[in-house]
Amino acid sequence: MPTDWKEMESRYYMRVVRRQPVVLVRGQGTRVWDEDGKEYLDFTGGWAVNNLGHCHPTVTEAIVQQARTLLQTSNIYYTIPQLQLAQLLVEQSCLDRVFFCNSGAEANEGAVKLARKYGRLHLKGAYEVITALNSFHGRTLAMVAATGQPHYQENFRPLPVGFVNVEFDSIEAIKRSTTENTCAVLLEPVQGEGGVNVPSPSYLKEVRAWCDERGILLMLDEIQTGMGRLGTLFGYQQFGVEPDVITLAKGLGNGVPIGAFLAKERAAVFEPGDHGSTFGGNVLTCAAAYAAAKVIVEENIPAKAEATGKYLHGRLSAMKERYDFITDVRGMGLLLAMEFRDTLSATIVGACNQEGLLLNAVRPNALRFMPPLTTSLAEVDEAVARLDQVLTRVGRETGARA
Ligand SMILES: *Cc1c(COP(=O)(O)O)cnc(C)c1O
């Protein structure tokens, strides 16, 4: 008898996520397959991670080669992939120094530590970080405090101090909340988990100017927007600002767990002993991430994300014209959302599973699209056709109820 993996999960795994009823065993490019051999178009992109698609041959080859050579050493020794990746990221960005860790939350934790040390050195001990409502910065205790969404916070109080959550896309809200205790502002260039919220074009420029005026750091959480997702290698490049610090994870390793934070020289205030990680900058993950980042840069994958994103945005917008229960299509590059008048997301995601299309219900009334940046226009057409089938059915059913 085949193993019932869903039953096994319900028995042994911590109850932290309502899983979709899909057991994935294989992936290639934009497609994944379940245990029965059924194929799906993965428009969750491994959760905005597989920017080059599943099992990209260059990345897989780098992992295999490195796994045969050296897996792990201590960071008290030099290892080469770590330094190659550091050089590439610094040369391709406005930042000067990098630190590698193992996840997004950990990258943000490091960035906040950096900001607190900066505050200690240059801002008379200021320690507070301003973040936005509807943001998402990770699941550690401090990042739960940074994340401006009450449902992530309520069960875990008291939360670490030093975070103020203010309205997103409002320079006035940031100005009002800035005090002598403020050392930094931490924002996503486009909010991902919060519903794919694109700020007005002037917002980050105004925040930059305010941070300069007050001598505080502008830190951008590019964990979801970085590595090409918005149509440029880094999201900040879309908004005409240079941040003092950025954090990366998700797309950085194309599927291996790696995070990073990068800082301008003047903000890179750590000294030996201030920070560290056993696995951070690990040879295997850095070899994979270096291979992935090289492909992203050399093949100008961000430009592909821009073009494919425009195309998908156009196809989704055309659907909005045809279905009156679609109220909005928004986003940037290949980070897009479709919003509904009612809380239809769960129903639609369930039906899309059956049609062979993986999507994320980012809000009860909104879907998020974050496919690999290498997704072809033909695959977009295929995904849109599968979604169209589902929306026609849902439209008929909700119409019948109306
Ligand atoms: C996913 C995400 C995180 C958290 O990353 P983890 O690797 O899950 O810790 C933080 N910030 C943003 C913007 C994210 O999208």
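Counting begins at 1 with the first residue of the sequence. Read the numbers this way: they start at 1 and go in the same order the structure lists the ligands and their atoms.
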Check ligand 1 against the protein and report each N/O to N/O distance under 3.5 Å, formatted as atom name, atom name, distance.
residue  : atom   : partner : partner atom : Å
ligand 1 : 7 (O)  : G104    : N            : 2.8
ligand 1 : 9 (O)  : G104    : N            : 3.4
ligand 1 : 9 (O)  : A105    : N            : 2.8
ligand 1 : 11 (N) : F136    : O            : 3.0
ligand 1 : 11 (N) : D221    : OD1          : 3.4
ligand 1 : 11 (N) : D221    : OD2          : 2.7
ligand 1 : 15 (O) : Q224    : NE2          : 2.7
ligand 1 : 15 (O) : K250    : NZ           : 2.6

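- Scanning all heavy atoms of the two residues, the minimum distance from A260 to C101 falls at N-SG, 3.9 Å.
- Interatomic distance, CZ of F43 versus CZ of R368, reported as 14.5 Å (0.5 Å rounding).
- Between G309 and L336, the shortest heavy-atom contact is O-CD1, 3.8 Å.
- There is no side-chain donor-acceptor pair under 3.5 Å between T375 and T308.
- Pairs engaging residues 278-297 under the side chain to side chain donor-acceptor pair (under 3.5 Å) rule: Q72-N282 [sequence neighbours left out].
- The neighbour count for R120 CZ, taken as heavy atoms of other residues, nucleotides or ligands under 6.0 Å away, does not exceed 12.
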